[in-house]
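Have a look at the structure below, then the notes.
Note: hydrogens, waters and symmetry copies are ignored here, and every other heavy atom, side chains too, is used. When a ligand or atom number is given, it counts from 1 through the structure's own listing order.
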Amino acid sequence: MNEIRQSIQPWRHVFKLDPDRELGDQELEAICCSGTDAILVGGSTGVTYENTTRLLARVRQYELPCALEVSNLEAAVPGFDLYMIPMVLNTSDTEWIFGHHRKAIERFGSLIPWELLLTEGYIVLNEDSSVARLTGADSRLSARGAAAYAQIADKLMQLPVVYIEYSGTFGNMETVREVRETVENSQLFYGGGITGEAEAEQAAALCDTVVVGNIIYRDVQQALFTVQAVKQTPKIQLD
Ligand SMILES: CC(C)=CCC/C(C)=C/CC/C(C)=C/CC/C(C)=C/CC/C(C)=C/CC/C(C)=C/CC/C(C)=C/COP(=O)(O)OP(=O)(O)O
Ligand SMILES: O=P(O)(O)OC[C@@H](O)CO
Ligand SMILES: [Mg+2]
């Protein structure tokens, strides 16, 4: 396993910060000093070079790893510890599978720090989310359908990360369980609708890494509670 892949293996809890949203200094400090394993900077809309650079500089006051989830070519900012590259698996619009990626490679060429890149196989499951609308994802999948996409990522494409994305709503844990049962090598990320301890525990029991986003901007105290909830929850063993 390569170094960059190894570096995310211990991540159980991650906060996702959106450069397009405002967060006060005290709140940012609380988030960065919460005991979370990393900050992931990303959003599906309104992410620019300027707001991404500003957020990176603010997070850099703290010691934890800071990754950029690249969603937009204009916001390819140098200086992150690693770059997570989404590929949306459940869309028929190839732009979001590899079209933007081709353009990025043509544009940035030898500037790309390949050793810092990790690809994420995204399965977008909330049809009412911005990311589903943006990418034209077919989010009405059965659990078996979602698990089939996960196997494409894990077994056919051998991607380092499978990302179950319910952005904005808490997901169906039966679907998450079925995905979990099929993923053998990829690191399984879950994100979507975690607003407190109970949801954090359920996701942590099934997934390797739990991502918490929107609640940071609504109720930072609730967001902070999710850190220990995830860390204290062991992953359940499945046969
Ligand atoms: C030179 C340099 C520093 C390079 C660094 C990295 C780089 C540019 C490498 C180039 C190689 C490469 C292959 C780049 C990919 C380029 C790219 C634009 C790919 C498309 C990625 C993609 C599929 C985006 C779709 C949207 C998506 C999946 C976003 C992920 C984040 C996400 C889902 C956020 C949640 O959305 P949010 O907005 O928070 O939702 P709410 O509003 O509901 O909260
Ligand atoms: O914002 P929420 O709903 O917490 O989702 C987290 C993350 O998966 C979004 O990409
Ligand atoms: Mg968000």
Side-chain angles (χ1 to χ4, degrees), residues 4 13-21 31 36 39-49 51-53 56 67-91 93-137 139 159 161-171 176 188-196 199-200 203 207 209-220 222-223 226 230:
I4 201 69
H13 183 283
V14 169
F15 277 126
K16 189 180 281 193
L17 295 182
D18 188 337
D20 193 31
R21 297 178 79 164
I31 289 293
T36 189
I39 299 294
L40 188 50
V41 169
S44 55
T45 54
V47 178
T48 65
Y49 196 90
N51 60 25
T52 304
T53 307
L56 172 63
L68 177 64
E69 192 169 48
V70 182
S71 59
N72 173 353
L73 275 189
E74 305 312 317
V77 170
F80 282 86
D81 296 313
L82 63 137
Y83 294 88
M84 307 204 66
I85 311 293
M87 285 179 134
V88 176
L89 303 176
N90 56 324
T91 178
D93 184 347
T94 56
E95 284 296 295
W96 303 106
I97 308 174
F98 42 63
H100 289 285
H101 312 69
R102 176 187 60 77
K103 288 176 197 147
I105 294 166
E106 282 186 11
R107 178 151 156 192
F108 293 106
S110 61
L111 295 176
I112 298 174
W114 288 107
E115 69 289 356
L116 300 182
L117 264 56
L118 281 174
T119 312
E120 308 170 289
Y122 254 77
I123 307 168
V124 176
L125 292 173
N126 174 12
E127 61 182 322
D128 291 324
S129 62
S130 330
V131 60
R133 281 190 290 273
L134 175 73
T135 62
S139 299
L159 300 184
V161 172
V162 170
Y163 195 130
I164 305 177
E165 174 63 294
Y166 276 98
S167 177
T169 192
F170 190 60
V176 176
L188 185 58
F189 278 49
Y190 171 86
I194 293 184
T195 57
E199 290 144 346
C207 298
T209 305
V210 176
V211 183
V212 176
N214 286 329
I215 191 65
I216 299 166
Y217 300 92
R218 289 208 305 269
D219 185 342
V220 79
Q222 281 300 116
T226 66
V230 167

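- When each atom of ligand 2 is checked for a heavy atom of Gly213 under 4.0 Å away, the hits are 1 (O), 2 (P), 4 (O), 6 (C).
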### Task
Please step through side-chain contact (heavy atoms from CB on, under 4.5 Å) for the pair Lys16 and Leu40, ending with a clear verdict.
CA-CA 5 Å; Lys16 189 180 281 193; Leu40 188 50; 3.9 Å; yes
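- Ligand-side atoms of ligand 1 in range of Ser71: 18 (C), 29 (C), range being under 4.0 angstrom from any heavy atom.
- Below 3.5 Å of separation, one finds an N or O of Asn214 facing an N or O of ligand 1.
- Ligand 2 has no nitrogen or oxygen under 3.5 angstrom from a nitrogen or oxygen of Ile194.
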### Query
Could you walk me through whether Val41 and Leu56 pass the side-chain contact (heavy atoms from CB on, under 4.5 Å) check?
CA-CA 8 Å; Val41 169; Leu56 172 63; over 6 Å; no
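- Aromatic ring orientation, Phe170 versus Tyr190: perpendicular (interplanar angle above 60°, classes split at 30° and 60°).
- An N or O contact shorter than 3.5 Å is missing between Ile215 and ligand 2 by distance.
- Using modelled atom types, one finds a donor on one side chain and an acceptor on the other under 3.5 Å when comparing Glu69 with Tyr122.
- The closest approach between any non-hydrogen atom of Ser130 and ligand 1 is below 4.0 Å.
- Where the criterion is an N or O separation shorter than 3.5 Å, residue side chain and backbone included, Glu165 meets it with respect to ligand 2.
- Close contacts of ligand 1 with Val131, meaning ligand atoms under 4.0 Å from a residue heavy atom, involve 26 (C), 27 (C), 28 (C), 33 (C).
- Atom OG1 of residue Thr91 and atom CD1 of residue Ile97 lie 6.0 Å apart, to the nearest 0.5 angstrom.
- Remark: ligand 1 atoms within the under-4.0 Å shell around heavy atoms of Gly43 are 34 (C), 38 (O).
- Atoms of ligand 1 found under 4.0 Å from any heavy atom of Glu69 (numbered from 1 in listed order, with element): 30 (C), 31 (C).
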### Task
With side-chain contact (heavy atoms from CB on, under 4.5 Å) as the test, would you mind laying out the steps for Asn214 and Arg21 before giving the verdict?
CA-CA 10 Å; Asn214 286 329; Arg21 297 178 79 164; 2.8 Å; yes
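- Annotation for ligand 1: atoms under 4.0 Å from non-hydrogen atoms of Asn72 are 18 (C).
- Within the structure, the closest approach of Ser167 to ligand 1 falls below 4.0 Å when heavy atoms are considered.
- If you look at Leu68 next to ligand 1, there are no close heavy atoms at all, none under 4.0 Å.
- Ring geometry, Phe80 versus Tyr83: the interplanar angle exceeds 60°, so the pair is classed perpendicular (tilted spans 30 to 60°).
- The two residues His101 and Phe98 come nearest to each other via the heavy atoms ND1-CA, 3.1 Å.
- Polar contact check, Ser167 against ligand 2: no nitrogen or oxygen pair lies under 3.5 Å apart.
- Note: an N/O pair closer than 3.5 Å links Ser44 and ligand 1 by distance alone.
- Listed by number with element, the atoms of ligand 2 under 4.0 Å from a non-hydrogen atom of Gly193 are 2 (P), 3 (O), 4 (O).
- Close contacts of ligand 1 with Ile85, meaning ligand atoms under 4.0 Å from a residue heavy atom, involve 13 (C), 14 (C), 15 (C).
- Proximity of Trp96 to ligand 1, defined as any heavy-atom pair under 4.0 Å, is shared by backbone and side chain alike.
- The contact set between ligand 2 and Lys16, taken as ligand atoms under 4.0 Å from a residue heavy atom, comprises 7 (C), 9 (C), 10 (O).
- Within the set Gly193, Gly99, Ala104, the minimum heavy-atom distance to atom 16 (C) of ligand 1 is found for Ala104.
- With rounding to the nearest 0.5 angstrom, the CZ atom of Phe15 is 5.5 Å from the OG1 atom of Thr36.
- In this structure, CG on Leu89 lies 14.5 Å from CH2 on Trp96, to the nearest 0.5 angstrom.
- A donor-acceptor pair under 3.5 Å is absent between the side-chain atoms of Glu74 and the main chain of Thr48, judged by distance alone.
- Counting all heavy atoms, side chain and backbone alike, Ile112 lies closest to Ala104 at CD1-O, 4.1 Å.
- In this structure, the side chain of Thr94 does not engage the main chain of Gly99 through any donor-acceptor pair within 3.5 Å.
- Within the 4.0 Å heavy-atom criterion, neither part of Lys103 lies near ligand 1.
- Residue-level proximity to ligand 2 for Tyr163 is carried by the side chain, the only part with a heavy atom below 4.0 angstrom.
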### Task
Decide yes or no on side-chain contact (heavy atoms from CB on, under 4.5 Å) for Thr52 and Val47, but give the supporting numbers first.
CA-CA 7 Å; Thr52 304; Val47 178; 3.3 Å; yes
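- Applying the 4.0 Å criterion to heavy atoms of Asn214 picks out, from ligand 2, the atoms 1 (O), 2 (P), 3 (O), 4 (O).
- The shortest heavy-atom distance from Pro78 to ligand 1 is under 4.0 Å.
- For the pair Ile105/Trp114, a side-chain contact is recorded, criterion being any heavy-atom separation below 4.5 Å from C-beta on.
- On a distance-only criterion, Tyr166 and ligand 2 share no N/O pair closer than 3.5 Å.
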